[in-house]
K.L.:
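Just passing along the structure, written as structure tokens.
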Amino acid sequence: MMRIVIFGAGGRTGSAAVAEATARGHRVTPLRSADADITAPEAVARAASGHDVAIAAVAPADTDPRDFFQAAANGLVTGLQDAGVTRLVWVSIASLLPGPSGVPAVDTDGFPVEYRPFSLGHSIALEAIKASDLQWTAVSPAGDFAPDTKPTGGYALTEVGDLTSRITHADHARALVDMAERSGLRGEHLGVAPLSPGQKASAATVSRER
């Protein structure tokens, strides 16, 4: 059993992670934005104190996403370190994963202009987390979420983005908690993709694509 604090528990991604971690018997502290200001290191430290690992699935409300994600990453890094929590699972975004050509979608000419601030905000946050001393893993859908699809009970991991890929929140949450349970988190960004036909549906089913 682990003690897991989950920031962003009010959203679909965060609430799915709360449900998955609770079902596995972990002691979970679910935090909505009103419970702890993730941009304030002191609030993060108070909320995270006594936990083994943090999962963060947060998004801006009415602020510029670049400002929000920079402040959120700084708050998390400083606050978690002050609380003595060294492990972080960060929910990232598929547009930062390299595509089949090796270029992230956000850096391609055809990437929609209206989505760039959100993706660049995520990029700023990821760079701040990479520069920290935390044991971290960034986990995102390989493409996007499939909110109205039935979960398969498993998933596949990939290092390549595919914006046509769709994963359910429940299956994505399995990946988040699996990463949280690993004692030595690797500094990498992984995408979560649905199981391909013929793969066995299991919470432990993961495959790596390179």
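Everything quoted here is computed from the prediction, not taken from an experiment.
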K.L.:
I want to check something: taking the side chain as every heavy atom from C-beta on, are Leu190 and Thr158 in contact at a cut-off of under 4.5 Å?
P.N.:
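When only atoms from C-beta onward are counted, Thr158 and Leu190 do not touch, as no gap falls below 4.5 Å.
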K.L.:
Decide yes or no for Glu181 and Met2: does some side-chain heavy atom of the first lie under 4.5 Å from some side-chain heavy atom of the second?
P.N.:
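Yes - at least one pair of side-chain heavy atoms lies under 4.5 Å apart.
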K.L.:
Within the 3.5 Å criterion, strictly below it, is a donor on Ser92 or Ser140 matched to an acceptor on the partner's side chain?
P.N.:
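Judged by distance alone, the side chains do not pair up.
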K.L.:
Of the non-hydrogen atoms in Ala125 and Trp90, which two are nearest, and what is the gap between them?
P.N.:
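So the minimum-distance heavy-atom pair works out to CB-CZ2, 3.6 Å.
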K.L.:
Does one hydrophobic cluster hold both Val58 and Val77, with members joined at side-chain heavy-atom distances below 4.5 Å?
P.N.:
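Val58 clusters together with Val77.
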K.L.:
Kindly indicate, with the supporting measurements, whether the criterion side chain to side chain contact (heavy atoms under 4.5 Å, CB included) is fulfilled by Ile6 and Val28.
P.N.:
CA-CA 7 Å; Ile6 300 180; Val28 180; 3.8 Å; yes
K.L.:
Which atoms form the tightest heavy-atom contact between Val192 and Val139, and what is the distance?
P.N.:
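Between these two residues, the closest heavy atoms are CG2-CG1, 3.4 Å.
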K.L.:
Would you say Leu120 ends up clustered with Val103 if hydrophobic residues are merged whenever their side chains have heavy atoms under 4.5 Å apart, either directly or through other cluster members?
P.N.:
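Each belongs to a different hydrophobic cluster.
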K.L.:
If you look at every heavy atom in Leu80 and Ala48, which pair is closest and at what distance?
P.N.:
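Taking every non-hydrogen atom into account, CD2-CB, 3.6 Å.
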K.L.:
Which label fits Phe69 and Phe118: parallel for a plane angle under 30°, tilted from 30 to 60°, or perpendicular past 60°?
P.N.:
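Taking Phe118 first and then Phe69, their aromatic rings stand perpendicular (interplane angle over 60°).
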K.L.:
Could you go through the side chain to side chain contact (heavy atoms under 4.5 Å, CB included) check for Tyr115 and Val106 one step at a time?
P.N.:
CA-CA 8 Å; Tyr115 298 147; Val106 68; over 6 Å; no
K.L.:
Under a 4.0 Å threshold between the charged nitrogen and the carboxylate oxygen, would Arg174 count as salt-bridged to Asp171?
P.N.:
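Judged by the 4.0 Å cut-off on N to carboxylate O distance, Asp171 and Arg174 do form a salt bridge.
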K.L.:
If every non-hydrogen atom of Thr168 is compared with every non-hydrogen atom of Thr149, which pair is closest and at what distance?
P.N.:
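It is CG2-O, 3.3 Å.
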K.L.:
Under 3.5 Å, is there a donor-acceptor pair between the His189 and Glu159 side chains?
P.N.:
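Distance-only check fails for His189 and Glu159.
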K.L.:
Quick one: closest heavy-atom pair of Val177 and Ala21, and the distance?
P.N.:
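Scanning both residues completely, I find the closest heavy atoms to be CG2-N, 3.9 Å.
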K.L.:
First locate atom OG1 of Thr137, then atom CG of Leu185, and finally report the distance between them rounded to the nearest 0.5 Å.
P.N.:
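These two atoms lie 4.5 Å from each other.
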K.L.:
Is Arg66 reaching over with its side chain to a backbone N or O of Ser123, donor-acceptor style, under 3.5 angstrom?
P.N.:
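No.
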K.L.:
Centre-to-centre under 6.0 Å for Phe145 and His172, is that the case here?
P.N.:
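Yes.
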K.L.:
Between Arg166 and Pro194, is any pair of side-chain heavy atoms under 4.5 Å apart?
P.N.:
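No. Closest side-chain heavy atoms not under 4.5 Å.
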K.L.:
Quick one: closest heavy-atom pair of Leu97 and Ala142, and the distance?
P.N.:
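Answer, listing the atom of Leu97 first, then Ala142: CD1-CA, 4.2 Å.
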K.L.:
Treating Arg87 as the side-chain partner and Ala180 as the backbone partner, does any N or O pair qualify as donor plus acceptor under 3.5 Å?
P.N.:
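Yes.
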K.L.:
Would you say the side chain of Arg32 lies within less than 4.5 Å of the side chain of Phe7, judging by non-hydrogen atoms?
P.N.:
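No, too far: nothing below the 4.5 Å cut-off.
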K.L.:
When rounded to the nearest 0.5 angstrom, what is the spacing between OG in Ser49 and CZ in Arg3?
P.N.:
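Reported to 0.5 Å precision, the distance equals 9.0 Å.
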K.L.:
If we ignore hydrogens and angles and just use 3.5 Å, is the side chain of Ser15 paired with the main-chain N or O of Arg12 as donor and acceptor?
P.N.:
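Here the side-chain-to-backbone pair exists.
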K.L.:
At what distance, to the nearest 0.5 angstrom, does CE of Met179 lie from CD of Gln135?
P.N.:
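The distance works out to 13.5 Å.
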K.L.:
Are Val44 and Leu31 in one and the same hydrophobic cluster, where Ile, Leu, Val, Met, Phe, Trp and Tyr link if side-chain heavy atoms are under 4.5 Å apart?
P.N.:
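Cluster IDs for Val44 and Leu31 match.
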K.L.:
So Leu176 and Thr13, do their side chains get closer than 4.5 Å, heavy atoms only?
P.N.:
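Yes, side chains in contact.
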K.L.:
Do Ile124 and Ile93 share a hydrophobic cluster (ILVMFWY, side-chain heavy atoms under 4.5 Å, transitive)?
P.N.:
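They do not share one cluster, since no chain of ILVMFWY contacts under 4.5 Å joins Ile124 to Ile93.
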K.L.:
Please round to the nearest 0.5 Å and tell me the distance separating atom OG1 of Thr29 and atom CD1 of Ile55.
P.N.:
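These two atoms lie 11.5 Å from each other.
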K.L.:
When you check the gap from the basic side-chain N to the acidic O, do Glu20 and Arg24 get nearer than 4.0 Å?
P.N.:
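Arg24 and Glu20: salt-bridged.
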K.L.:
Does one hydrophobic cluster hold both Val18 and Val5, with members joined at side-chain heavy-atom distances below 4.5 Å?
P.N.:
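Not linked; separate clusters.
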K.L.:
Just verifying a value: how many Å separate Ile129 CD1 and Asn74 CG, rounded to the nearest 0.5 Å?
P.N.:
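Rounded to the nearest 0.5 Å, the CD1-CG separation comes to 9.5 Å.
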K.L.:
Rounded to the nearest 0.5 Å, how far apart are CD1 of Ile4 and OG1 of Thr22?
P.N.:
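Result: 8.5 Å between the selected atoms.
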